Amino acid sequence: MPLILIAALPFLGALLPGVMIKAGRNACAWTTASVTLAALVGLLVHAPKVLAGEVIHYRLDWMPVVGLNANFFLDGLGFLFALMILGIGLLIIIYARFYLGRQDPMGPFYTYLLLFQGAMVGIVLSDNVLLLLVFWELTSLSSFLLIGYWKHLPEGRQGARMALAVTGTGGLALIGGMIILGQIAGSYDLSVILTQKEAIQASPLYLPALILILIGAFTKSAQFPFHFWLPHAMAAPTPVSAYLHSATMVKAGLFLMARLWPVLAGTDAWFVIVATTGLVTMVLGATIALFKDDLKALLAFSTVSHLGLITMLLGFGTPFAAVAAVFHIINHATFKAALFMTAGIVDHEAHTRDIKRLGGLRHLMPITFVIALLASLSMAGIPFLNGFLSKEMMLEEVARTRLGIPLLLPLVVIVAAALSAAYSFRYLGHVFFGDEREDYPQTPHDPGFGLWGPPAFLVALVVLIGLFPAAIAGPLVAASAGAVTGGDLPYYSLKIWHGFTPALLMSVLAVMGGLMLLLFHYPLDKRWIATRRPEAKVIFDTVVALCVQVSRRITDVLHPGSMTRYTAIFAITVLIASAVAWNSSTLAAPGRELLPVGMVGVIGWILIVVSTGILVVYHRNRLLSLILLGVTGTIVSISFIYFSAPDLAMTQIAVEVVSIILLLLALNFLPKSTPAEGGVERHLRDVIIAGAMGIGAMILTLAIQQSDFSQPTISAYYLENAKTLAGGYNVVNVILVDFRGFDTYGEIIVLGIAALVIYALTEQLLGGRVGRKLADRPHDPTLSGDLHPMMMVVATRVMMPLALMVGVFIFLRGHNAPGGGFVAGLVVAIAILMQFMASGYDWAIARQRFTYHGIIGLGVIAAILTGVASWLFGAPFLTGAFAYYKLPLIEEFELSSAMAFDLGVFLCVVGAVMLALESLSRLARRKDDRTRTHPMDIDPSRTEDEPRPVPPGTAPAEAH
Amino acid sequence: MEYLFASAVGVLTAGGVYLLLRLRSFPVILGLTLLTYAVNLFLFASGRLTLNLPPVLDSGLSGYADPLPQALVLTAIVISFGMTAVVVMMALGAWLITDDDGMNMTGEEAPDRASGPHDASEDRR
């Protein structure tokens, strides 16, 4: 199976649980399991090659320009992790089926779980660090959903938020570190980065990159001082804890350190930071774990401790330590996931996880007891179980490593190991041994196979690896450790008996110490409870509260809900930024010959300045300002045609018409004048800002006009090739529908969306209180009763065919002369609008054959089909083609694919403009409007004896 | 001529920005439209001003106006219509629902009342 499919399967499968839950909880669980199983089988197919040391690649170029490719690779390390993620994932899915209660929604749970699984597999298979980062963030997000799965529990929500805040912050740091690393190595591909050890370690940016990457890894793997989120994440359902917080997500940080081990490890900085952090975490986690009464909290802190152990091993930087680290990753995943599942079983059966309320369970639930016994003895490091082997290797490495003063490291590690043994024994002693009690919240007994099967499978592995390490785990350890060290492996042997070594002595000391600690647990626990300790959650909450306060201060100033202030801030920012840019750049010498000042120019200038001036001064009179806006817009259109842009002029004038109609429609509802508001200072401030902006715009425009282009523009290409490549003479139109057709394609879609937004807003308004109010509003007697004057009705109907023909004409000539789909669309829309205005909404809508939504959709489809059609000829999307034809009687004409595309543009524009205006005019309709059947106030076809209809509003008494 | 053009762009910009800073939605929409004119003219002029040289291929012409800014501005005009329409609809909806066409949040929603609460009933007809 291609690697990308292994990573993609869980994501695709995440769609299924939500559907399958309709078929029952079993179907849902089995579907989820089969997805994971399929991915697992796909992975195992590669096992022989990977275990033989081969690396499997899958390359998919996505954005090669920025080095972002969907490249995957599978080596020993990736295989090990993918195996754990998918294998334990499968067990967890089965376990969760029986763990989740009737009231827990199962569909979302499995969806989140599969999303998480896909993200994790993505991390371990990525060959591109940027891709890895994407997956990294996805694990943070999906684990947020999983931790907060029980939304009704405040602990769940807080724990999820804390985990997201910590790992998300770490993710940000990691992004920085990875990008630095990629910059040093000159590639974002891991397989390239991993070969650049000398360059990376010699770079002055090595230390910043290292620290940033380690922050990412430490937050994810709950290393001190970021360890505090993991215990709080225990608010998640136990399957999640067993999966994320023992076997997979918290190991992602370790994976990253192992993955980058070949290039980052081996320096003093690496040794000091990583080994020390690991050591501190190990001791701290083990100490706290011993005194936790919540089973899951105990396991959480023990996980913190073991992650510290592995981090420390990776920090040593020696190949032997790397082997030990990899081996311990395997072992820890097996026994810790099993332990979490037994804790879940106890919780599920006894309805409590409080150790002080438990005890004596060994006779009540013998199967669970055996599983817990083997798993926790493995955690304590007892021989014939796998935990012993890797701990032994760890101790062997510790015995020959020096950190600070001699013997310090071994002594501290023995203490940590003793603490570890102690809490493992406590898990057994205080939960399963001792006397049976009477006061369990519910008398526990062994659960069904669904719950104990998965941990039993893991414990079988614990024992098998413990007994036959070389046979069972040997190849996997060799392959993955080889991938970590990136070279030859040191001598090591996976066996139980190594003779009387210092490691064995330390191991014995640790186990004895553990027993002693458990013996004195009661007095120690009292002392522990009595001491005041810094509470990580309190510190975290304080920091978060502080951040919130600071950001609130800032947003209170910048974001007070005053749109006017935003605009002012924006304008001032633009001014400052432009001033900086202006002063720090060099302007070309003003050498361009300017155009002579003509009469038309002067008149246009006077008109535009005067109309804008009056508009601004008298803007409180809204109708007047609208008329003046029309004047300004018209002059703008005229200036376009004056300065050789006929297409723009046509578009502008048509848009002007529809805009003014639109604003008039709106003004129908809005107040007719703006009240005088704001003091003199406000007006002065606004005048200064606006004046500065205006002067700035003027200077900039002038500066551009006074000099020629500093570099040749691409317009020359368009001018040269419009005829030969696209077969059109009107270069502007050719650019729109051919050269830059894809842009236009996007633009018509935006236009269509805007129209649909307006439609949706109207529907919303009409459906509610406002709609009823509008429909019931009384007629305004001051308005003319002559709503549809006969002159206008007749004139517009006569003009309709002519206007449509003009539209068609403009459309057809577009490719070779000013015109095209945009203008034609606007012209046709105006032609239809005239009917609406003259004959009324109901009359016009009754003759409307097609919905405007449909027309928009048809336009987009026409554009798409034109684009897709070029695929049939093996050309890229929207490649143009054209030919000239000659028919008798008419001149030679052209047919081109661009015309079909332009038709799409045309339809889209017609639909969008009409939908927008029709929506607005629907607001204006009153209830009784719908009763009118003919467009004119006087029905021309009436007979004399019929009563004359009364214009609405003039005689309200008769109308009702 | 370029001086006239540039100063017209300046006037449109200044007028647009001034209206954008008003407190009611309708003048703000007008300001937006004025600013659209200014920006479109500015973009169009980045191809330099020419007289009587439309970019329609013709063997009789000595040269052509820059077609690229024209193509850009053409779509900009149409899109800005779409944008104006949406803004108008939003302003209208806000007015119809709340009977208030003020641009700024007032009351409890707004933590800072520097702009001063205005009387929404002032201009009801």
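When reading the values below, keep in mind they use all heavy atoms of this one structure, side chains included, and skip hydrogens, waters and symmetry mates. Since we're looking at a predicted model, the values are computed, not measured.
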Which pair of heavy atoms, one from [X] and one from [Y], lies closest together, and at what distance?
X: B:Pro54; Y: A:Pro646; value: CB-CD, 3.8 Å
X: B:Val56; Y: A:Asn816; value: CG1-O, 3.3 Å
X: B:Ala8; Y: A:Ile608; value: CB-CG2, 3.8 Å
X: B:Ser46; Y: A:Ile704; value: CA-CG2, 4.1 Å
X: A:Met698; Y: B:Ser7; value: SD-CA, 3.5 Å
X: A:Val732; Y: B:Pro55; value: CG2-CG, 3.6 Å

Under the salt bridge (Lys or Arg N to Asp or Glu O under 4.0 Å) rule, collect the residues that match up with A:Arg740, sequence neighbours excluded. A:Asp743

Considering only heavy atoms from C-beta outward, does the side chain of A:Val636 approach that of B:Asn40 to under 4.5 Å? no

Quiz: residues 78-90 of chain B side-chain donor-acceptor pairs under 3.5 angstrom, not counting sequence neighbours:
| unit_1 | atom_1 | unit_2 | atom_2 | d |
| --- | --- | --- | --- | --- |
| B:Ser80 | OG | B:Ala76 | O | 3.1 |
| B:Ser80 | OG | B:Ile77 | O | 2.8 |
| B:Thr84 | OG1 | B:Ser80 | O | 2.6 |

Toward chain A, the part of [X] with a non-hydrogen atom under 4.5 Å:
X: B:Tyr37; value: side chain
X: B:Leu19; value: side chain
X: B:Leu72; value: neither

Could you tell me whether a side-chain N or O of [X] sits under 3.5 Å from a main-chain N or O of [Y], the two making a donor and an acceptor?
X: A:Arg769; Y: B:Ile97; value: yes
X: B:Asp66; Y: A:Ser715; value: no
X: B:Arg48; Y: A:Ser707; value: yes
X: A:Ser644; Y: B:Thr50; value: yes
X: A:Thr701; Y: B:Ala6; value: no

Top of A:Leu917, A:Leu662, A:Leu826 for chain B proximity - count of heavy-atom pairs under 4.5 angstrom: A:Leu662

Flag the one option from A:Asp647, A:Leu629, A:Thr612 with the top tally of heavy-atom pairs under 4.5 Å to chain B. A:Leu629

Please look at [X] and chain B and tell me whether the side chain, the backbone, both or neither of the residue comes under 4.5 angstrom of a heavy atom of that chain.
X: A:Gln706; result: side chain
X: A:Phe822; result: side chain
X: A:Ser919; result: neither
X: A:Arg552; result: neither

Rounded at 0.5 Å granularity, tell me how far [atom1] in [X] sits from [atom2] in [Y].
X: A:Ile603; Y: B:Leu4; atom1: CD1; atom2: CG; answer: 11.5 Å
X: A:Asn733; Y: B:Gln70; atom1: CG; atom2: CD; answer: 12.0 Å
X: B:Met1; Y: A:Gln705; atom1: CE; atom2: CD; answer: 12.0 Å

I'd like to know whether A:Val731 forms a side chain to side chain contact (heavy atoms under 4.5 Å, CB included) with B:Tyr64, so could you lay out the CA-CA distance, the side-chain angles of the two residues, the decisive distance to 0.1 Å, and finally the verdict. CA-CA 10 Å; A:Val731 185; B:Tyr64 300 103; over 6 Å; no

Look at the rings of A:His683 and B:Tyr18 and say which category their plane angle falls in: under 30° parallel, 30 to 60° tilted, over 60° perpendicular. tilted

Taking it one step at a time, do A:Leu595 and B:Leu51 satisfy side chain to side chain contact (heavy atoms under 4.5 Å, CB included)? CA-CA 8 Å; A:Leu595 294 174; B:Leu51 294 180; 3.9 Å; yes

